[in-house]
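Chain A is the first sequence line, chain B the second, and so forth, proteins listed ahead of strands; every chain is numbered from 1.
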Amino acid sequence: MAQNVEAALPDKYKNMSEWYTEILERAEVIDIRYGVKGFIVYRPFGMILMKNIIKLFEEELEKTGHKPFLFPVVIPERNLRMEKEHIKGFEGEVFWIEKGGYTPLEERLALRPTSETAIYPIYALWFSSYKELPFKGYQTCAVYRYETKATRPLLRGREFLWIETHNVYFTEKEARDQTVEDAEIFYKVATEKLGIPFLHLKREEYDKFPGAVDTYAFDTLLPDGRVLQIGTTHYLGTNFTKVFNVVVHDEEGNLVNPHSTCYGIGLSRILASILLIHGDEYGAVLPFDIAPTQIVIIPIYKAGFENKEIDKYCNEIHESLKNEGYRVIFDNSEKTPGEKYYYYDMRGVPFRIEIGPKEVQTSKVTVFRRDTRSRETIPLEQLKEYIVKTKDEILKNLREKAEKRLKDNIIEARTKEELIEAFKKEGRKIYKVFFCGRKECADEIKSVLEGLETRGTPINEKGEGPCVWCGEPGHICYLAKAY
RNA sequence: GGGCCCGUGGUGUAGCUUGGCUAGCAUGCCAGCCUUGGGAGCUGGUGGUCCCCGGUUCAAAUCCGGGCGGGCCCA
């Protein structure tokens, strides 16, 4: 057998596309061969991973008072057209159902590109008093957008999974506060539990969600230097409650339109980000909490040793870890240990326990940590403690590495010359500049600097200065190429 | 939206320019032997609508047209 540990995948920083396509297939995350552009099959491994991610977000949403519901996937055309800005933004990418069997439908039905126009007509029926507010509701579902841009598995599909919340408040302040809570939820789950850092940005006026008053977005950085929007939250004002006639009585008996928000959590993209940001040349590297398999036990048999002893020892460990509630498997199939290592490395199993004659004879275990790819031999009685402690270290390690990379890839530029110079030298990265907020400047930047887009102004940083492009007064803004 | 590349057993590919052999190779999968501390070896076996539709031809994986799907670059 080979002595060296050969990489299974290319370097993701040199060739992200190839790395990504490979891991999706080899770790059996999704199947891209369904045959309809922009639509994919989630395979069991990918779907278990997805469900674990969903659970983390749903728990956090329910903790903050959100109630689950599920609205239909179809939206009647007249509803979709109610809010003018909204339909303008989505019209070009709606899938339409025009027939039932052989009969043309009297009214076309849209596959939801997002659910505001499905939900608000019902909200109009549900609420009649300020006392019934706030109402916080969410659904986890697929939405459909006929993307004309190049589709990419999980990153840009015509069908994708997300969680959407649709909240209604009596006052503007409560509604605006919700967008802050949304960001906190995102931080708690994406960063603290999944190790995915992001920029919390307020999108420029011309980049808002169609129909929103303000749009806040969460952008993360991928290995190729592009950014990916993985979540957004919007303050909708009374734009939607007005057109859908959602009205409640206030304390004095006047009829008023309440304020609303919506929040989208891009599940498919978050799954892709976890793979892309934490993964290495041996495959996926997963945080312990979401890993479909958290621990694998691999026996190492030896001629001349009683292998039943090894099996017995492994079975005991297996039982004891299962009793702790961990997702653990004992792989005593006939494949060689090396082959199993590659297999479980690819799937991002956080811990591997190797048991051979040495371990059995000394009552020890050899534990391999997927994130650092390091081995350690410890007494068996310390195993549980080791896992409890180390699973948190793994998450911390993944998160800190990702945070460092995001930070290290932000480059400041003050003037047009500085920006162009920096871009020539650094290429695809995130550029921090002052920006006047005018679309004309953004368009010029995009065409001169190979697709660099204004991603918005950071929420946690204030600052003013002359626009990097035109010199007019501006605010802080990040520029990056996006997916 | 524009440009370039690609589609052959489960997977990765050769063959295509210049049409013609039983569609070759690797890997996977199955059985057996041997082995097991980072993808072992040997023997035997299994597996193909050559993406789809149409055209040219005595003959198409190969040439032509259209479609579908995938990748890359640019807007």
Touch class at under 4.0 angstrom, heavy-atom based, for [X] against every strand present:
X	answer
A/Ala303	sugar-phosphate
A/Gly38	sugar-phosphate
A/Arg158	nothing
A/Glu18	nothing
A/Phe368	base
A/Lys340	nothing

Q: Nearest-nucleotide wise, let me know which of A/Glu450 and A/Tyr301 is further upstream toward the 5' end of RNA chain B.
A: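 Whichever sits nearer the 5' end wins; that is A/Tyr301.
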Q: For A/Thr21 and for A/Asp345, locate the closest nucleotide of RNA chain B by heavy-atom distance; then report the residue assigned to the nucleotide nearer the 5' terminus.
A: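 Here A/Asp345 is the residue nearer the 5' end.
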Give a yes/no on whether any side-chain N or O of [X] is located under 4.0 angstrom from OP1 or OP2 of [N].
X	N	value
A/Arg26	B/rG39	no
A/Lys37	B/rG70	yes
A/Thr336	B/rA40	yes

(Q) Given the structure, check if the side chain of A/Glu354 and the base of B/rG38 hold any donor-acceptor pair shorter than 3.5 Å. (A)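 Side chain to base: no pair present.
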Nearest whole angstrom, please: distance from the [atom2] of [N] to the [atom1] of [X].
X	N	atom1	atom2	value
A/Tyr146	B/rG1	OH	P	7 Å
A/Glu359	B/rG37	CD	P	13 Å
A/Ile23	B/rG12	CD1	C1'	18 Å
A/Glu22	B/rU13	CD	C1'	13 Å
A/Ile298	B/rU35	CD1	P	21 Å
A/Glu281	B/rG38	CD	P	18 Å
A/Arg369	B/rG38	CZ	P	20 Å
A/Lys358	B/rU36	NZ	P	13 Å

Decide whether a cation-pi geometry holds between [X] and [Y]; the criteria are a distance under 6.0 Å from NZ or CZ to the six-membered ring centre and an angle within 45° of the ring axis.
X	Y	answer
A/Arg145	A/Phe90	no
A/Arg352	A/Tyr344	no
A/Arg414	A/Phe434	no
A/Lys12	A/Tyr20	no

Q.
Between A/Phe209 and A/His86, does the ring-ring contact (aromatic ring centres under 6.0 Å, His included) criterion hold? Intermediate values first, please.
A. CA-CA 8 Å; A/Phe209 174 74; A/His86 188 71; 5.7 Å; yes
Base-pairing assignment for [N] (Watson-Crick or G-U wobble, both under 3.5 Å):
N	answer
B/rC58	B/rG20
B/rG1	B/rC74
B/rG38	none
B/rA31	B/rU43

Q: Given ring-ring contact (aromatic ring centres under 6.0 Å, His included), test A/Phe351 with A/Phe368 step by step and report yes or no.
A: CA-CA 6 Å; A/Phe351 292 109; A/Phe368 173 89; 9.7 Å; no
Q: Scan residues 305-313 of chain A against RNA chain B and write down, sorted by residue number, each residue with any heavy atom closer than 4.0 Å; if none is found, say none.
A: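 Residues of residues 305-313 of chain A under 4.0 Å from RNA chain B: none.
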Can you check the distance between [N] and [M], where both ends of the measurement are the [atom1] atom (answer in whole Å)?
N	M	atom1	result
B/rU27	B/rA59	P	39 Å
B/rG9	B/rU46	C1'	10 Å
B/rA75	B/rC29	P	45 Å
B/rC21	B/rG67	P	31 Å
B/rA23	B/rG47	P	14 Å
B/rU56	B/rC74	C1'	37 Å
B/rG7	B/rA61	P	15 Å
B/rU43	B/rG37	P	22 Å

Q | Near-parallel close stack of A/Tyr341 and B/rG38 base (under 5.5 Å, under 30°) | A |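 Stack criterion not met.
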From the set [options], return the single nucleotide nearest to any side-chain atom of [X].
X	options	answer
A/Glu339	B/rA40, B/rG38, B/rG37	B/rA40
A/Arg428	B/rG37, B/rC73, B/rG38	B/rC73
A/Ile300	B/rC74, B/rG38, B/rU36	B/rU36
A/Arg375	B/rG38, B/rC74, B/rG37	B/rG38
A/Thr151	B/rG70, B/rG39, B/rG37	B/rG70
A/Pro153	B/rG71, B/rU36, B/rG38	B/rG71

Q.
Ignoring hydrogens, what is the shortest heavy-atom contact between A/Phe160 and A/Ser268? Give both atom names and the distance.
A.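 In this case the closest contact between A/Phe160 and A/Ser268 is CB-OG, 3.7 Å.
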Q) So which of A/Arg203, A/Lys481, A/Arg226 actually passes salt bridge (Lys or Arg N to Asp or Glu O under 4.0 Å) with A/Asp219? A)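 Among A/Arg203, A/Lys481, A/Arg226, the one that satisfies the salt bridge (Lys or Arg N to Asp or Glu O under 4.0 Å) with A/Asp219 is A/Arg203.
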Can a salt bridge be assigned to the pair [X] and [Y] using a cut-off of 4.0 Å between side-chain N and carboxylate O?
X	Y	answer
A/Lys208	A/Glu205	yes
A/Arg369	A/Glu376	no
A/Glu93	A/Arg158	no

